[in-house]
Amino acid sequence: MTDTGHLEQDLEALLQIENFPPPASFAEHARIHDRSVHEAAAADPVAWWAEQAKALDWFTEPTTALDDSNPPFYTWFKGGTLNASYNAVDRHVLAGNGDRVAFHWHGEEGEQRAVTYADLHRDVQRAANALKARGIGKGDVVGIFLPMIPEVVVAMLACARIGAPHNVVFGGFSAESVHERMEVSEAKALITVDSARRKGKTAPVKTTVDDVMGSLDTLETIFVVQHGGGDCPMQDGRDVFWGDALAAADDECEAEPLDAEHPLFILYSSGSTAKPKGIQHTTGGYLTGVAWTHKHVFDLRPEEDVYWCSADVGWITGHSYIVYGPLMNGTTSVMFEGAPDYPHKGIWWELCEQYGVTLFYTAPTAIRACMKWGADLPAQHDLSKLRLLGSVGEPINPKAWLWYHKVIGGERCPIVDTWWQTETGHIMITTLPGAQYGKPGSAGTPLPGVYAAIVDPDSGEEVPDGTQGLLTLTRPWPGMLRTLFGDDDRYVSTYWEKFGPQTYFVGDASKRDADDGYVWVIGRVDDVLNVSGHRMSTAEIESAIVSHGKVAESAVIGQTDEDTGQAVCAFVTLEGDLEGTPDLEAEIREHVAQRIGKLARPKRIVWADDLPKTRSGKIMRRLLKDIAEGRALGDVTTLRDPGVMQQLQGKIAEAQ
Ligand code: ATP
Ligand code: MG
């Protein structure tokens, strides 16, 4: 049993420490020990990336590394041809590693399947032939709407094998969202499932898809993976069982040599700030970026490590760090079908022990949930094989960082806090774990070959170190998005207009430390508030509120205010079953005043049972702003649990 009082004290003490150097035991064996790689890349970034592209197998070598003659429409590795599925699977089999496990799949009810590289090789070729048999070929978009099962990987790689860009829709989305995404991308086929399992229940998928998909005439085929069972009507001529199609298909299908710039996939961003954007990635540059970052940020040893990224394949994190990055490097991964609290809240740690996980990658929202569930759950499992931890998705507040470090990492695992976006394709700002110390709350420095500047919103000039400004990326990088699907204009206006076609506008506010150049990503530009002329970040105030012992989670917004322009309004969820009281409200206000200053004190605190989050777990502050200011809600299609909004709207109405 962990004494929670002691743990609180220990974490308080750790809060005083600024830098966490890699433990000697880790650094000794790390792939990279110093900053010489950063220096080598700085000497000639384009040539350096061209060197990293050699980690891939090319059918034809590229002739030009970067073509920047028509910004912001950059291209990488022109003249080169390759195939993503060949790089993910064939070459490992050809190198004699066919027996290596690619995925230890673990089902919700405890089922286990070990999928080897040889298994993938066979199934991907069959699936590619099955797609071809239905008239799908190079350039045709294929939708994928599947749960976390090995078939999702096979489906993605089969598309890649024949040059059909995939458009994966996260399995938790509604059928309407699938319909919308298939419609705008003019998908020719959809690969889905009979039914999906979630926390012991089975939800029909195919029937709900049928209800909305009938009207789409571009969609010629629906493949159905049989997984959860139950009622599954099939439409004659259109619907095919995936298993039958693969069984009937030939098991040899040559990988198509594709241009480096051939689109590998379209993926819609999570919609935290606006209507989701159809982000388009290509083959050569994207694969170069995910392969290098996966190997070096996670310090991967493919022969020894067992890697687990807890994201869903339906997000960019899943595309880059469950599928393409790990498979480029011949990794053995864990893939888990279920939720973090089913069949019990310790399941992640049980699986880490069972599969001997050495590298673990998750999101701050999940870490905070685990904190809430208590340190004695992980304490029941042997986590001693873990040697590195990762975080992605939003800034990680220092309290969660330290808990992760102490309770999960046993104080011996470096934490890589990885900043990147759907648009960037791969990790951009972080620490190389054997070479750089971790600093709770700061992501680290731009990776080799990546260049960032923090600029003044008006002048576009770099701000002095320590001052908050807008994060920008100042050189093209191989994994960058190439456009928004079918909408070059929105691509230019969203990312390349504010500071010109050579400066990528990130949309995040940040600041940089003078001594070591570490970047603090503070939050979305929209999530910065202005009280009486003082700019403050919502994330910083949230972090102060959450550091109060009774608070579990918090979301802060700037609410329009007659006196101060904006006022701090905090939505707060409490630990366990605690109830909000006026005394506690005063305590939290005082706590924030002490941590940051009086100006940051919330003018209003709303006690919430839960916060509105996207399905990838990000807090949707724009919706909180809408309800606090009594407006109609903006786009809610990517909201995980609409009930949360009703509960909050009720509270606000009560208070008014
Ligand atoms: P949309 O663009 O549709 O609003 P989204 O931005 O939430 O959706 P993603 O591309 O998944 O979709 O998220 C990228 C954003 O997540 C970054 O711009 C940043 O705000 C945040 N983020 C991701 N990782 C980190 C990190 N390690 N530290 C701080 N912020 C992060
Ligand atoms: Mg975004």
Side-chain angles (χ1 to χ4, degrees), residues 168 170 173 177 181 266-281 293 297 309 311-321 361-367 389-398 400-401 404 415-431 438-447 452 470-473 479-481 484-485 490-491 494-495 504-511 518-528 537-540 542-543 612-623 634-640:
V168 179
F170 167 55
F173 274 135
S177 320
R181 279 150 217 230
I266 306 163
L267 182 66
Y268 284 82
S269 62
S270 65
S272 317
T273 54
K275 206 170 166 54
K277 306 175 268 286
I279 288 156
Q280 188 169 316
H281 282 289
T293 51
V297 173
C309 167
D312 190 280
V313 180
W315 305 119
I316 190 67
T317 305
H319 280 55
S320 301
Y321 298 108
Y361 192 27
T362 193
T365 178
I367 298 166
L389 303 172
S391 171
V392 61
E394 57 178 324
I396 176 165
N397 50 302
W401 196 104
Y404 199 27
I415 295 180
V416 288
D417 175 5
T418 61
W419 176 86
W420 58 298
Q421 307 179 295
T422 311
E423 292 88 339
T424 68
H426 51 78
I427 299 169
M428 301 293 277
I429 300 179
T430 188
T431 45
K439 209 193 243 193
S442 158
T445 61
L447 280 173
L470 302 183
L471 184 61
T472 61
L473 299 168
M480 66 195 297
L481 79 166
L484 294 178
F485 181 76
R490 190 175 177 204
Y491 168 66
T494 308
Y495 307 106
Y504 173 86
F505 172 68
V506 165
D508 287 352
S510 65
K511 62 181 183 189
Y518 272 44
V519 175
W520 297 71
V521 176
I522 294 160
R524 316 307 177 105
V525 174
D526 316 352
D527 294 345
V528 170
S537 89
T538 57
E540 198 177 349
E542 285 162 6
S543 186
K613 293 189 184 152
T614 63
R615 288 162 203 262
S616 58
K618 293 180 187 188
I619 297 170
M620 291 173 93
R621 293 181 187 74
R622 65 178 166 87
L623 294 183
D635 185 14
V636 291
T637 52
T638 62
L639 193 64
R640 177 154 61 193

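Please read all numbers here as calculations on a predicted model, not as lab measurements. One-based numbering, in listed order, for ligands and for the atoms of each. Side-chain atoms are counted along with the backbone in the values below, which use heavy atoms only and exclude waters and symmetry mates.
Between Val392 and Thr317, the shortest heavy-atom distance links the atoms CG1-CG2, 4.0 Å. Residues Pro398 and Ser543 share a closest heavy-atom pair of CD-OG, 3.4 Å.
Short contacts between ligand 1 and Thr418, defined as distances under 4.0 Å to a heavy atom of the residue, involve ligand atoms 24 (N), 25 (C), 26 (C), 27 (N). Taking a cut-off of under 4.0 Å to the non-hydrogen atoms of Lys277, the atoms of ligand 1 that pass are 1 (P), 2 (O), 3 (O). Of all atoms in ligand 1, listed by their number and element, those nearer than 4.0 Å to a heavy atom of Val521 are 29 (C), 30 (N).
At a heavy-atom distance under 4.0 Å, no atom of Ala443 approaches ligand 1. Counting heavy atoms under 4.0 Å from ligand 1, residue Gln421 touches it through both backbone and side chain. Counting heavy atoms under 4.0 Å from ligand 1, residue Thr422 touches it through both backbone and side chain.
Side chain of Thr293 to main chain of Val297: no donor-acceptor pair is present (N/O by atom type, distance under 3.5 Å, no hydrogens or angles). Side-chain N or O atoms of Thr494 include one that pairs as donor or acceptor with a backbone N or O of Arg490 at under 3.5 Å.
Not close to ligand 1: Gly507, with no non-hydrogen atom less than 4.0 angstrom away. Proximity of Trp420 to ligand 1 is established by a heavy-atom distance of less than 4.0 Å. In this structure, Ile316 has no heavy atom closer than 4.0 Å to ligand 1.
Considering backbone and side-chain N/O of Val506, none are found under 3.5 Å from N/O of ligand 1. In terms of N/O distances under 3.5 Å, ligand 1 is not approached by Ser391.
When the heavy atoms of Arg622, Lys618, Met620 are ranked by distance to atom 15 (C) of ligand 1, first place goes to Lys618.
For Thr418, the side-chain hydrogen bond (donor to acceptor under 3.5 Å, both in side chains) partners two or more places apart in sequence, or in a different chain, are Tyr361. Applying the side-chain contact (heavy atoms from CB on, under 4.5 Å) test to Lys439 and every residue at least two apart in sequence or in another chain returns Asn19, Tyr437, Ser442, Asp513, Asp515, Asp516, Tyr518, Trp520.
Cation-pi check for Arg181 over Phe173 is met; the charged atom lies under 6.0 angstrom from the ring centroid and within 45 degrees of its normal.
Using a 4.0 Å cut-off between charged side-chain N and carboxylate O, Arg621 and Glu542 make a salt bridge.
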